[in-house]
Amino acid sequence: MADETGPIMLKKQLGVLNGVGIIVGIIVGSGIFVSPKGVIMESGSVGACLLVWTLCGVVCIAGALCYAELGTCILTSGADYGYIMNSHGDLPAFLFLWVCLMVICPTGNAITALTFANYILKPVFPDCGAPPNAVTLVAALCICLLTFINCRNVTWATRVQDIFTCTKVFALIIIIIVGLVKIGMGSTDNFQRSFEGTTTEPGKIALAFYSGLFSYSGWNYLNFVTEELKDPYKNLPRAICISLPLVTVIYILANVAYFAVMTPVEMIASDAVAVTFADRTLGVMAWTMPVFVACSTFGSLNGAIFTSSRLFFVGARHGHLPGFLATINLKYMTPLPSLLFGCVMSLIMLSSSDIYSLINYASFVETLFIGMSVSGLLILRVTQPHLERPIKVSLIFPIFYLIVCAFLIVTPLTSSPMECLMGLIMIATGIPVYMLGVMWKRKPEGFHVALESFSKLTQKLFHAVHEETKED
């Protein structure tokens with residue numbers, strides 16, 4: 001646990017290839033396989049759709065370069081939490097932590113786990129959907145299994161990440177090759193008059209970008225584990241510069257492949273574009289695509305569990321969460337309490353019937369906080385000009401990213417005010433928690449006794465788990 005002599009640090013075990021595996025593995029989840037139809041539906045034309053996918057990649061690359069500077073001048077895990085704290089103060093940082101703790105991380109994990117369960121069970125129930133209880137059970141088992149792997153060994157977790165990252169990239173390469181072959185055979189009808197029907201409504205353009213950026217989400221997650229990177233000054237920017245252009249090129253080519261086989265109307269009608277693509281092109285091997293999608297979501301969930309636990313760990317180390325979450329398994333050097341806590345929260349969200357709407361609300365909030373982190377780069381340039389910056393990006397990148405963020409934040413205020421209001425309410429619920437838990441220093445003695453008793457109880461539980469894994 002952290003003390004006044006200095007916080008316990010996690011062991012540096014991650015190299016540049018692990019970093020690439022984390023970024024690519026988290027970004028390439030279900031989005032590019034299941035729901036690229038959102039972009040074509042809102043953009044209105046094939047040309048505009050491909051342009052949106054390209055611009056989404058450019059936006060994320062600009063944001064990632066800003067995070068490369070932030071991550072090498074503020075060498076702490078937790079990413080946005082640490083950047084917002086250094087630039088905007090304790091309360092905004094706590095509110096980001098609060099929203100991630102209560103909504104963004106557990107609901108994201110629950111959605112990914114449910115997607116995994118649906119697709120891994122698809123070959124078992126080919127003619128009809130899998131029973132809801134079976135889907136929930138498999139999703140829960142998936143979360144628990146990956147939590148165990150992450151608790152037991154960082155090396156195990158990174159190997160899972162690397163293996164499944166390769167699997168999902170291999171699946172996308174198959175799609176791209178088949179699509180290019182179709183184009184070579186003359187299947188180019190969808191690319192004629194490609195910008196015909198392009199939407200000009202700002203609200204629809206914003207929604208098209210939200211759909212595209214959803215498939216790119218996770219590009220900033222390597223910054224959550226900066227402390228565990230070997231030579232972060234070199235490996236963090238290297239991993240970012242390899243991963244983001246790679247994902248952008250793969251996404252664009254995958255969409256070109258989809259349009260070589262399906263019309264925009266057929267894409268919009270499909271619930272799983274990659275599966276429909278496989279049904280039309282892979283023949284008897286079409287069953288492999290649901291398995292590839294399941295592998296993709298499995299790896300994405302593993303990366304999300306790995307990185308989000310570090311956020312809770314750092315938040316507890318700074319005194320913004322209960323202290324027991326800042327303890328680690330000394331044998332395996334993993335933040336065991338934070339991992340178990342995240343697992344419990346994800347399982348709770350898994351039982352909720354309203355997690356999809358929560359994700360919609362949280363998307364607005366996440367964009368708001370990422371914009372705040374990038375604005376922190378500009379603030380730190382003014383308030384701490386002598387801060388060591390191994391990487392110093394041009395001001396063009398944060399300004400460009402903030403303009404895009406402003407568009408994505410302001411436009412939904414007029415087109416979808418209720419979702420924005422719910423997102424702001426989520427943030428506001430953290431203010432009284434901050435006042436009672438962090439600002440209120442003179443708490444009653446009974447409160448401290450109860451908290452200490454709970455902390456001792458959890459310490460015994462974690463010690464028992466540690467001894468059991470030690471015996472194994």
Side-chain angles (χ1 to χ4, degrees), residues 9-29 60 63-64 67-68 70-71 74-84 96-97 99-101 103-113 143 146-147 149-151 153-162 164-165 216-230 232 235-236 239-240 243-244 247 296-317 321 325-326 328 333-343 345-346 362 366 369-370 373:
M9 307 295 285
L10 293 166
K11 186 177 178 182
K12 294 183 180 294
Q13 304 181 64
L14 306 178
V16 65
L17 291 179
N18 298 131
V20 171
I22 288 172
I23 296 175
V24 176
I26 293 177
I27 292 177
V28 184
C60 292
Y67 272 60
L70 289 166
I74 303 174
L75 281 176
T76 178
S77 293
D80 302 80
Y81 173 71
Y83 311 151
I84 293 172
F96 168 76
L97 180 67
V99 174
C100 285
L101 181 79
V103 180
I104 295 176
C105 292
T107 53
N109 291 349
I111 289 288
T112 307
I143 292 172
L146 287 174
T147 300
I149 290 172
N150 278 270
C151 286
N153 200 312
V154 171
T155 302
W156 289 7
T158 55
R159 283 178 182 170
V160 167
Q161 193 66 20
D162 294 343
F164 283 92
T165 296
Y216 280 96
S217 61
W219 56 263
N220 59 329
Y221 271 44
L222 184 61
N223 291 61
F224 280 83
V225 295
T226 305
E227 289 178 15
E228 294 172 82
L229 275 176
K230 301 173 185 176
N235 288 335
L236 178 62
I240 288 171
S243 303
L244 268 299
V247 171
S296 178
T297 54
F298 189 82
S300 185
L301 179 58
N302 178 70
I305 290 172
F306 182 88
T307 53
S308 62
S309 65
R310 273 61 179 176
L311 172 62
F312 305 149
F313 173 83
V314 173
R317 200 170 61 186
L321 290 176
L325 293 176
I328 63 175
M333 298 302 290
T334 58
L336 180 64
S338 291
L339 284 161
L340 294 178
F341 180 77
C343 176
M345 289 298 297
S346 298
E366 194 169 15
F369 278 115
I370 291 178
S373 295

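Throughout, numbering of the chain's residues begins at 1 and tracks the sequence.
Between the CD1 atom of Ile22 and the OG atom of Ser300 there is a distance of 12.0 Å, given to the nearest 0.5 Å. Note: Leu97 CG to Tyr81 OH = 5.5 Å, rounded to the nearest 0.5 Å.
Of all heavy-atom pairs spanning Leu236 and Ala68, the tightest one is CD2-O, 4.3 Å. Taking both residues in full, the closest heavy atoms of Phe313 and Pro335 are given as CD1-CB, 3.9 Å, listed atom of the first, atom of the second, then distance. Looking at every heavy atom in both residues, Tyr216 comes nearest to Cys60 through CB-SG, 3.5 Å. Contact between Cys343 and Ile143 at its shortest, heavy atoms only, is SG-CG2, 4.0 Å. Taking both residues in full, the closest heavy atoms of Ser308 and Cys105 are given as CB-SG, 3.7 Å, listed atom of the first, atom of the second, then distance. For the residue pair Ser373 and Ile84, the shortest heavy atom distance occurs at OG-CG1, 3.6 Å.
Residues Leu301 and Ile305 are in side-chain contact: their nearest non-hydrogen atoms beyond the backbone lie under 4.5 Å apart.
Partner Asn150 forms a side chain to side chain contact (heavy atoms under 4.5 Å, CB included) with one of Asn302, Leu340, Thr158 and no other, that one being Asn302.
The side-chain hydrogen bond (donor to acceptor under 3.5 Å, both in side chains) test applied to Asn220 returns Asp80, not counting sequence neighbours. When the ring-ring contact (aromatic ring centres under 6.0 Å, His included) test is applied to Phe341, no partner is found at least two apart in sequence or on another chain. Under the rule for a side chain to side chain contact (heavy atoms under 4.5 Å, CB included), the partners of Phe164 that lie at least two apart in sequence or sit in another chain are Val160, Cys295, Phe298. With sequence neighbours excluded, the residues forming a side-chain hydrogen bond (donor to acceptor under 3.5 Å, both in side chains) with Asn18 are Asp162, listed by chain and number. Residues that satisfy the side chain to side chain contact (heavy atoms under 4.5 Å, CB included) test with Ala64, not counting sequence neighbours, are Trp219, Ile240, Leu244. Under the side chain to side chain contact (heavy atoms under 4.5 Å, CB included) criterion, Ser243 pairs with Val20, Ile23, Val24, not counting sequence neighbours. Legend: residues meeting side-chain hydrogen bond (donor to acceptor under 3.5 Å, both in side chains) with Ser346, ordered by chain and number and at least two apart, are Asn109. For Phe369, the ring-ring contact (aromatic ring centres under 6.0 Å, His included) partners two or more places apart in sequence, or in a different chain, are Phe96.
Side chain of Ser296 to main chain of Val28: a donor-acceptor pair is present (N/O by atom type, distance under 3.5 Å, no hydrogens or angles). The main-chain N or O of Gly21 is found under 3.5 Å from a side-chain atom of Thr165 such that the two form a donor-acceptor pair.
Stacking of Arg310 on the aromatic ring of Phe306 is recorded, both the 6.0 Å distance cut-off and the 45° axial limit being met.
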Open item on the list: I'd like to know whether Leu101 forms a side chain to side chain contact (heavy atoms under 4.5 Å, CB included) with Met345, so could you lay out the CA-CA distance, the side-chain angles of the two residues, the decisive distance to 0.1 Å, and finally the verdict.
Closed with: CA-CA 8 Å; Leu101 181 79; Met345 289 298 297; 5.6 Å; no
